[in-house]
J.: 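Here it is, the structure in full.
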Amino acid sequence: MDKHFDPNMIETKWYQTWEKQGYFKPKNTDSAPYSIMIPPPNVTGSLHMGHAFQDTIMDTLIRYHRMKGEDTLWQPGTDHAGIATQMVVERQLAAQGLSRHDLGRDKFIEKIWEWKEESGGTITKQLRRMGASPDWSRERFTMDDGLSDAVKEVFVRLYEEDLIYRGKRLVNWDPVLHTAVSDLEVISEEEQGNLWHMRYPLSDGSGHLVVATTRPETMLGDQAVAVHPEDERYKNLVGKTITLPLVGREIPIIADDYVDMEFGTGCVKITPAHDFNDYEMGKRHNLPMLNILTINAAINDEAPEKYRGLDRYEARKQIVADLEEIGLMESIKPHTLMVPRGDRSHAVIEPFLTDQWYVAVESLAKPAIDAVKNGDIEFVPKNWENTYFEWMNNIQDWCISRQIWWGHRIPAWYDADGNLYVGRSEAEVREKHQISADIELTQDADVLDTWFSSALWTFSTLGWPDNTPELAKFHPTSVLVTGFDIIFFWVARMIMMALKFTGEVPFKQVYVHGLVRDGEGQKMSKSKGNVLDPIDLIDGIDLESLVGKRTYGMMQPEKAAKIEKATRKQFADGIPAYGTDALRFTFASLASTGRDIRFDLNRAEGYRNFCNKLWNATRYVLMNTEGYDTGVDESATIELSLADRWIVSRLQEVESEVQKHLDSYRFDLAANSLYEFTWNEYCDWYLELCKPVLQKDSSEAAKRGTRRTLVRVLEALLRLMHPIMPFITEEAWQAVAPLAGKDGDTIMLQPYPQTDSSKIDSDAMAELEWVKQFIVGVRKIRSEMDIAPSKALPVLLAGLNDTDSQYLQNNRLYLSTLAKLESIEILADENQAPESAVALVGEMKVLIPMAGLIDKEAELARLEKEIGKLQGEIKRLGGKLNNENFVAKAPPAVVETERKKLADSQTALSNLEVQYEKIRQL
RNA sequence: GGGUGAUUAGCUCAGUUGGGAGAGCAUCGCCCUUACAAGGCGAGGGUCACUGGUUCGAGCCCAGUAUCACCCA
């Protein structure tokens, strides 16, 4: 084995073996099912840090439960990401000077399929690099036939129950993509604009009203001016009319208590077809809905001729100029407003009156709320349930139609008279409605929102609407692992749909994790140029390639220079290869309960070092066990050392800790336990304690016992770590397992280690604690007194009780090796001790003669520090115990511990004080 | 405006029935000791945002304040 761990050498090899052997598939046994559906990534996308993080968690869970013997299914797949994918292909066409209309619908969709074939494998390949173990043979895509059938089925059934309807509504219109988008796909952010105050003359010539607006061009569609019914300033004007400037339309002044008297002038222009609030008010007052925009957000033919065809912003300029010219522009004031933009196109969204398809969600929402209330579904961490309830209680009907071409076409047909027929296919529609073949039917041009098909994901992937054995076994799934950002988009909708169509919840738990951000807490995005590619962290990347990647194909090329500079500064040497296991361990260790996960490369480096540590520990164990008797033959006599009994005890404890943390989704704590045990106990103490046994002439039984413990603890530890770090544990396990008497083709399918409490030896743990204290005491003196590590020291002991004597007798070998001692002598009479530095182990004194080694002043300083610490402690404890209330009211056990601590500190203090005095007098 | 979360060492973060303030990284000192210098052995470093309350006892529970972040309107 190499001196340094080289992840690249083992990852591909093991992944291919696992996949080829079919280890990822469910075993179809009678054991309890455990299933997770992957949140389907965009089929043509690539793996980002969020995916990598999420997939690490899912894979850890799956591997853990698989090892626990459950029948596990991790269902992989991708979605078709309607708008995003269509945009990519449209951009490709645009590069050739073509639009999708040049190709026509069928040809364009063909192009998208081609693109899907070309790039669709990227993300699944990357998932494999992460070590993910889903059942690839069951991979699904939302546009597959089966899933498309499920979509049609759901649509038709909802329609037949009047839960899907078609209607002309005001929607969020993306004038660039030419489609409606749902509320959730609109991002509103503060931007600088103006508040235009415009004078609207009263028709009777008796004056004018002033209305304020952030979008002057919408005045072309105004149908009223509204005031608050109790607003004394305008009360008498209600019922009169004004004449709309530039247009000439006479429109009423109405009263509505929606109007905020404080805002602007207290008069609001009402444009029902171009503002959501106005739309509601328009309905209340039966105002006409006049649409004045085209699908490009230019002015349409409903407006005066002068403005027709102008883009909305040109029209704005013109209208403002025209109003100024006729003296009707009262003022223009800078104003910060919320501007809605499409999350894909970043175009300013216009409220726009169109025919759309909706799901009436109210009746679906109720059972979905109840399922969480009554505990059928549990959010982890629990507080996300509030977010869920908040949204579900105020849920709006869901606009599911999109005016794009890529997606599930709405299964609705129209005849020449505009009659609407919904069915699973044209044939079904014809048959059901007795429409003869010579009557032409045209299918609705719209497609469904991608989330519509994603909402069916937990059951459509298992074969629904057919009653498949997989559906019976693996639905409801065990847990959904997802980010909080899609609780509304996806989680809530899945719950509604699964309850409606399977009568079951889609998952029993929802583990909500945080969002991965960069080291500064900034969201990672291409436009910020702070994106890290998980694969680059695995393989490493040189600076030039990284700069190239971050600045290539930018939407805003002007930012490239800045990004390049920042990148060169932050990654002067590029990014080293950390390997998959280290990356996964990093993700696990960052998976605490917070909402932001700052990804710090230093953490990855630390865990890369951890992998190296594990690698070298394994190397050491193998060097000392391969070719030797490791006690595989149970009949051979063995002798277990103190260290053996101790490490076995600690292993049992760690096993339960790790399981507890995995069961409660605290991957950070699980990772911590593993790190701590591996490095600080197994490596730092146990391996060191083994050395004297293996190297000195101990009995064969003792050596056998130690070798056996070495390999068995390591073997169990590898299994314990496997769910988080699959590759290195597999590689090491292959070599270690036979020595530990285990056989099997892969660590993946070995049982997960279970605590055996009969193996916890508390006497051994106490004794080893004594040994450690002894050794650490000597090391501290050595280090603080600047004594060379190579210098063997003589020590003298005084004040031993029976236990100390016993422990000493048992552990001389450990002490002299690990503390590097020349000799250990017990003083019959402490007063005979030469001037020495002292360390305390309980009440026993460990004395290191100063002669020639230790400086008097240095030792005094050291003692002073120790004494100071003890004095502080004694003061604190004394104060507490002198408080009558504490003694009277605190639990007796607590009082007792505090008393004991005080007594121990006092003993230690007086010992040190005596020692200090002695040295001072030298 | 409503809601949620955060505030603990220089940095990133743990701290789970209220009873010793911790880890990793960074810093400092010594050491190439035959698994590992991607290492070993030690050390320093915190008014737990602030104010008040409950309690024998508060980083933790309660109320309020400040700052920041996110979600919704």
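Residue numbering restarts at 1 for every chain, and letters A, B, ... go by the order of the sequence lines.
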J.: For the side chain of A:Lys613, starting at C-beta, report the closest nucleotide among B:G20, B:U16, B:A35.
T.: B:A35
J.: Roughly how many Å apart are B:G42 and B:G24, using the P atom of each and rounding to a whole number?
T.: 13 Å
J.: In whole angstrom, what separates A:His4's NE2 from B:G39's P?
T.: 8 Å
J.: Just the rounded figure in Å: distance from C1' of B:G20 to CG of A:Leu881.
T.: 13 Å
J.: Checking the side chain of A:Asp518 only, and the main-chain atoms of A:Asn530 only, is there a donor and an acceptor separated by less than 3.5 Å?
T.: no
J.: Taking CZ from A:Arg782 and C1' from B:G42, how many angstroms apart are they, rounded to a whole number?
T.: 12 Å
J.: Each nucleotide N or O in nucleotides 43-47 of chain B that has a protein N or O under 3.5 Å away: list the pair and distance.
T.:
none

J.: Go through the structure and list residues passing side chain to side chain contact (heavy atoms under 4.5 Å, CB included) with A:Ala858, not counting sequence neighbours.
T.: A:Met785, A:Asp855
J.: Taking the P atom of each, how far is B:U65 from B:C25, in whole Å?
T.: 41 Å
J.: For the backbone of A:Glu873 and the side chain of A:Ser905, can you confirm whether one donor and one acceptor N or O come within less than 3.5 Å of each other?
T.: no
J.: Applying the side chain to side chain contact (heavy atoms under 4.5 Å, CB included) test to A:Leu840, which of A:Asp904, A:Leu912, A:Thr907 qualifies?
T.: A:Leu912
J.: B:G15 and B:A58: how far apart are their C1' atoms, nearest whole angstrom?
T.: 14 Å
J.: Does A:Glu688 reach a base, just sugar-phosphate, or nothing at all? Heavy atoms under 4.0 Å.
T.: base
J.: Within this structure, what is the CD1-to-C1' distance between A:Ile187 and B:C70, rounded to whole angstrom?
T.: 12 Å
J.: For A:Asn394 and B:A73, give me the distance from atom CG to atom P, rounded to whole Å.
T.: 9 Å
J.: Going by the rule ring pair (Phe, Tyr, Trp, His ring centres under 6.0 Å), which residues pair with A:Tyr511 if we only count those two or more places apart in sequence or in a different chain?
T.: A:Tyr665, A:Phe667
J.: Measure all distances between protein nitrogen or oxygen atoms and nitrogen or oxygen atoms of nucleotides 1-4 of chain B, and list the pairs falling under 3.5 Å.
T.:
residue	atom	partner	partner atom	Å
B:U4	O2'	A:Arg595	NH2	2.8

J.: Specify whether A:Phe610 and A:Tyr607 have parallel, tilted or perpendicular ring planes, treating 30° as the upper limit for parallel and 60° as the lower limit for perpendicular.
T.: perpendicular
J.: Tell me, for nucleotides 9-15 of chain B in 5' to 3' order, what letter each nucleotide earns: B for a base near a protein heavy atom under 4.0 Å, S for only sugar-phosphate near one, - for neither?
T.: ---BSSS
J.: What is the separation between atom CG on A:Leu614 and atom P on B:G39, rounded to the nearest whole Å?
T.: 14 Å
J.: When Watson-Crick pairs (N1 to N3 and N6-O4 or O6-N4) and G-U wobble pairs (N1-O2 and O6-N3) count only below 3.5 Å on both distances, what is the dot-bracket string of RNA chain B, with | for other-strand pairs?
T.: (((((((..((((.....[..)))).(((((.......))))).....(((((..]....)))))))))))).
J.: At what distance, to the nearest 0.5 angstrom, does CG of A:Asp644 lie from CZ of A:Arg707?
T.: 11.5 Å
J.: Report yes if the distance between the aromatic ring centroids of A:Trp615 and A:Phe5 is under 6.0 Å, otherwise no.
T.: yes
J.: Restricting to salt bridge (Lys or Arg N to Asp or Glu O under 4.0 Å), what partner residues turn up for A:Lys382, sequence neighbours left out?
T.: A:Glu385
J.: Under the rule for side-chain hydrogen bond (donor to acceptor under 3.5 Å, both in side chains), what residues qualify as partners of A:Arg595, not counting sequence neighbours?
T.: none
J.: What distance, rounded to whole Å, do you find between the two P atoms, one in B:G19 and one in B:A38?
T.: 41 Å
J.: Let me know the distance between CZ of A:Phe276 and P of B:C72, rounded to the nearest Å.
T.: 15 Å
J.: Determine the interatomic distance between P on B:A23 and the same-named atom on B:C61; round to the nearest Å.
T.: 23 Å
J.: Within a radius of less than 6.0 Å around CD of A:Glu626, do more than 12 heavy atoms belonging to other residues, nucleotides or ligands occur?
T.: yes
J.: What pairs with A:Trp685 under ring pair (Phe, Tyr, Trp, His ring centres under 6.0 Å), at least two apart in sequence or on another chain?
T.: none
J.: Is the side chain of A:Arg215 donor-acceptor paired with the backbone N or O of A:His274 at a distance under 3.5 Å, no angle test?
T.: yes
J.: Please work out if A:Lys901 contacts a base, only the sugar-phosphate, or nothing of the nucleic acid, heavy-atom cut-off 4.0 Å.
T.: sugar-phosphate
J.: Just the table, please: protein N/O against nucleotides 26-33 of chain B N/O, every pair under 3.5 Å.
T.:
residue	atom	partner	partner atom	Å
B:G29	N2	A:Ser783	OG	3.4

J.: I'd like to know if the side chain of A:Arg782 reaches the main chain of A:Ala819, judged simply by a donor and an acceptor atom lying under 3.5 Å from each other, with no hydrogens or angles considered.
T.: yes
J.: With rounding to whole Å, what would you report as the distance between B:U16 and B:G59 at their C1' atoms?
T.: 14 Å
J.: If only side-chain N and O atoms of A:Lys691 are considered, is one of them under 4.0 Å from the OP1 or OP2 phosphate oxygen of B:A35?
T.: yes
J.: How are the rings of A:Trp451 and A:Trp490 set to each other: parallel, tilted or perpendicular (split at 30° and 60°)?
T.: tilted
J.: Pick out the pairs of N or O atoms, protein on one side and nucleotides 56-62 of chain B on the other, that lie under 3.5 Å.
T.:
residue	atom	partner	partner atom	Å
B:C56	OP1	A:Lys889	NZ	2.5
B:C56	O2'	A:Asn883	ND2	2.8

J.: So which of A:Phe389, A:Phe488, A:Phe484 actually passes ring-ring contact (aromatic ring centres under 6.0 Å, His included) with A:Trp384?
T.: A:Phe484
J.: Kindly state which residues belonging to residues 673-684 of chain A come within less than 4.0 angstrom of RNA chain B, counting heavy atoms of the residue only, listed by number.
T.: A:Tyr675, A:Trp679, A:Cys683, A:Asp684
J.: For A:Gly606, is there any backbone N or O sitting under 3.5 Å from a side-chain donor or acceptor partner on A:Tyr578?
T.: no
J.: Rounding to an integer number of angstrom, what distance separates B:A73 and B:C60 when you compare their C1' atoms?
T.: 34 Å
J.: Expressed in angstrom and rounded to an integer, what is the separation of A:Asn609 atom CG from B:A35 atom P?
T.: 19 Å
